[in-house]
Amino acid sequence: MPVTVVAAKSPAQEVHPERYRFIDVLACLVNLTDPVFRGWHHGKQKHEDDLEAMLERSRAAGVKSMIITGGSLHESKEALELAKQLGFYATVGCHPTRSGQFDQFRGGPEKYLEELDKLIAANLTGQGRVVAVGECGLDYDRTHFAAEDVQRRHFRSQLALAKKYHLPLFLHSRAAHKDFVQILREEGFDKDGGQAVGGKGGVVHSFTGTAEEAAELMDMGFHIGVNGCSLKTADNLATATSIRPDKLMLETDAPWCSMTSTHASKAHLSSLPPALNSLYFPPATKPESFVYGRPVKGRNEPGAIGGVAWVVHRLHDGVPFEQITEKVWKNTVEVFGLTELL
């Protein structure tokens, strides 16, 4: 049932943690291949591998599945291997800041794209399958990693994979909205998520743009992914509130994009019931004082997706928390074809 945003004050609601379920794309997609989940911080091993303990906390917080993101050819292979081991899902693609790898690859950019193509073709079914092309897009905030023209060229080439395999896109856009939507439009993704050219829409994840930019992307048929980085400022909160329920997705982008006390989201998190707070944000320790079974400070975890959902719930005053979580669950299942989770 669609979420209807109303202005009336909502009565106090009962809390039922077992009813709230999530798919963390980004854990709501996650970077589980990051070495911080194995105890490595800034190139040094600070504590033992605690991936399994982190996964157990996530399950307790209602995370039923995850989509592990690939940010390069190498990372995509790792993401698929881990997804198969854990019974999750994966994406295959190259992040815009890594797009220079296309030109540096032995055999050139055509060979790199071919290897991505082969990886997708070999993993379209079964446990741990690829469910999206990406993470791809444009990032003009970090052109010191890859020049704008390099990013544009290899963003466009990856769109061909989404068309060929009829897969949704897992998209990244930073300070590049004009060029980002222009390329999507030129490649046939101007409406219905590119259905006319074989596309299946997708999500612009970790969205930090304006409400007007979000509206344009939604009108083109794309979903908008919200995580802690999407909720830092008052302007961010206004944009998040503007996202239509049928186009909303939630994520953590763990281990990145934690919500902190300096973010605008803090005012809304303060109302999180203790029963949920203990699940979504259990007490953490510094890496140097690591205690197995407890989170590590500064490292975001998939279980925090419940906190993201709570902030969105508070922004949509009057809409029950469970209605928000269930709508996002259904959106995610539908876009990525995760029908076995229904």
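Computation of the quantities below employed the complete heavy-atom set of this structure, encompassing side-chain atoms and omitting hydrogens, waters and symmetry-equivalent molecules.
- Here Phe155 pairs with Phe180 under the ring pair (Phe, Tyr, Trp, His ring centres under 6.0 Å) rule; sequence neighbours left out.
- When all heavy atoms are compared, the tightest approach of Pro295 to Pro283 is CD-O, 3.1 Å.
- The shortest distance between side-chain heavy atoms of Cys257 and Ser206 falls below 4.5 Å.
- Under a 3.5 Å cut-off, the side chain of Gln158 and the backbone N or O of Val133 do not form any donor-acceptor pair.
- Here the side chains of Tyr165 and Asp117 are in contact, with some heavy-atom distance below 4.5 Å.
- A salt bridge links Glu56 with Arg59; the closest basic N to acidic carboxylate O contact falls under 4.0 Å.
- Looking at Ser76, its side chain does come within 3.5 Å of a backbone N or O of Gly93 through a donor-acceptor pair.
- One hydrophobic cluster holds both Leu248 and Met220 under the rule that ILVMFWY side chains link at heavy-atom gaps under 4.5 Å.
- At least one donor-acceptor pair under 3.5 Å links the side chain of His313 to the backbone N or O of Val319.
- Looking at Glu115 and Lys111, a side-chain N of the basic residue comes within less than 4.0 Å of a carboxylate O on the acidic one, giving a salt bridge.
- Nearest heavy-atom pair across Met259 and Val308 is CE-N, 3.5 Å.
- Across every non-hydrogen atom of Phe22 and Trp329, the tightest pair is O-CZ3, 3.5 Å.
- Between Pro17 and Leu276, the shortest heavy-atom contact is CG-CD2, 3.7 Å.
- Contact annotation: the side chain of Phe222 approaches that of Leu169 to within less than 4.5 Å [non-hydrogen atoms, C-beta and beyond].
- Each of Val92, Leu167, Leu113 was scored for a side-chain contact (heavy atoms from CB on, under 4.5 Å) with Leu161, with one residue passing: Leu113.
- Between the side chain of Asn300 and the backbone N or O of Thr252 there is at least one donor-acceptor pair closer than 3.5 Å.
- Grouping the Ile, Leu, Val, Met, Phe, Trp and Tyr side chains by contacts below 4.5 angstrom, directly or via other members, places Met218 with Leu237.
- Residues Tyr20 and Phe321 place their aromatic rings such that the two centres sit under 6.0 Å apart.
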Query raised in the report: Going through the checks in order, is the side chain to side chain contact (heavy atoms under 4.5 Å, CB included) test met by Met66 and Ser58?
Result: CA-CA 10 Å; Met66 303 184 198; Ser58 300; 3.9 Å; yes

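- No side-chain heavy atom of Thr97 sits less than 4.5 Å from a side-chain heavy atom of His144.
- No path of Ile, Leu, Val, Met, Phe, Trp and Tyr side chains, each step under 4.5 Å between heavy atoms, connects Val150 with Leu138, placing them in separate hydrophobic clusters.
- Between the side chains of Asn236 and Thr233, a donor-acceptor pair is found at a separation under 3.5 Å.
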**Report entry** Step-by-step side chain to side chain contact (heavy atoms under 4.5 Å, CB included) determination, Phe336 to Ile23
**Finding:** CA-CA 11 Å; Phe336 295 107; Ile23 302 166; over 6 Å; no

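- With hydrogens and angles disregarded, a donor-acceptor distance shorter than 3.5 Å links the side chain of Arg57 to the backbone of Gly293.
- For the atom pair CG (Leu341) and OG1 (Thr332), the distance works out to 10.0 Å, reported to the nearest 0.5 Å.
- No side-chain donor-acceptor contact under 3.5 Å links Asp141 to the backbone of Ala175.
- To the nearest 0.5 Å, atom OH of residue Tyr89 and atom CG of residue Leu80 are 13.5 Å apart.
- Atom NZ of Lys84 has more than 12 heavy atoms from other residues, nucleotides or ligands within 6.0 Å.
- A 6.0 Å sphere centred on NE2 of His74 holds no more than 12 heavy atoms belonging to other residues, nucleotides or ligands.
- Ionic pairing of Arg156 and Asp179 is not present here: no N-O contact between side-chain nitrogen and carboxylate oxygen is shorter than 4.0 angstrom.
- Looking only at side-chain heavy atoms (C-beta outward), Asp219 and Arg244 come within less than 4.5 Å of each other.
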Query - side chain to side chain contact (heavy atoms under 4.5 Å, CB included) evaluation trace for Glu52 with Tyr292 - result: CA-CA 10 Å; Glu52 183 51 47; Tyr292 191 86; 4.3 Å; yes

Query - Derivation and outcome, side chain to side chain donor-acceptor pair (under 3.5 Å), residues His177 and Glu216 - result: CA-CA 10 Å; His177 180 77; Glu216 182 175 9; 2.8 Å; yes

Query - Intermediate values then yes/no, side chain to side chain contact (heavy atoms under 4.5 Å, CB included), Asp246 and Lys327 - result: CA-CA 7 Å; Asp246 65 314; Lys327 182 58 181 172; 4.3 Å; yes

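- How far OG of Ser261 is from NZ of Lys266: 6.5 Å, rounded to the nearest 0.5 Å.
- Here the shortest heavy-atom pairing between Trp310 and Ser271 reads NE1-OG, 3.0 Å.
- In the hydrophobic clustering of ILVMFWY residues, with side-chain heavy atoms under 4.5 Å counting as a link, Val291 and Leu55 come out apart.
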**Report entry** Verdict with supporting geometry, Thr260 and Ser258, side chain to side chain donor-acceptor pair (under 3.5 Å)
**Finding:** CA-CA 6 Å; Thr260 74; Ser258 298; over 6 Å; no

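- Using a 4.0 Å cut-off between charged side-chain N and carboxylate O, Glu135 and Arg98 make no salt bridge.
- Aromatic ring pairs are classed by plane angle as parallel below 30°, tilted from 30° to 60° and perpendicular above 60°; the pair His172 and His205 is tilted.
- Atom CD1 of Ile183 and atom CZ of Arg153 lie 11.0 Å apart (nearest 0.5 Å).
- A distance-only check finds a donor-acceptor pair linking the side chain of Asp139 to the backbone of Arg142 [under 3.5 Å].
- Side-chain contact check for Pro109 versus Asp103: some heavy-atom pair is nearer than 4.5 Å.
- Considering CG of Asn123 and NZ of Lys77, their distance stands at 11.0 Å, rounded to 0.5 Å.
- Within a 6.0 Å sphere centred on CD of Gln195, heavy atoms belonging to other residues, nucleotides or ligands number 12 at most.
- Side-chain contact check for His223 versus Val204: every heavy-atom pair is 4.5 Å or farther apart.
- Within the 3.5 Å criterion, the main-chain N or O of Leu73 finds a donor-acceptor partner in the side chain of Tyr112.
- At least one donor-acceptor pair closer than 3.5 Å links the side chain of Thr91 to the backbone N or O of Gly70.
- Among all heavy-atom pairs drawn from Arg174 and Thr208, the shortest one is NH1-OG1, 3.4 Å.
- Residues Phe170 and Val203 have side chains in contact (heavy-atom distance under 4.5 Å, counting atoms from C-beta outward).
- The main-chain N or O of Glu187 is found under 3.5 Å from a side-chain atom of Lys163 such that the two form a donor-acceptor pair.
- Here the CD1 atom belonging to Ile243 is positioned 6.0 Å from the CD1 atom belonging to Ile224, to the nearest 0.5 angstrom.
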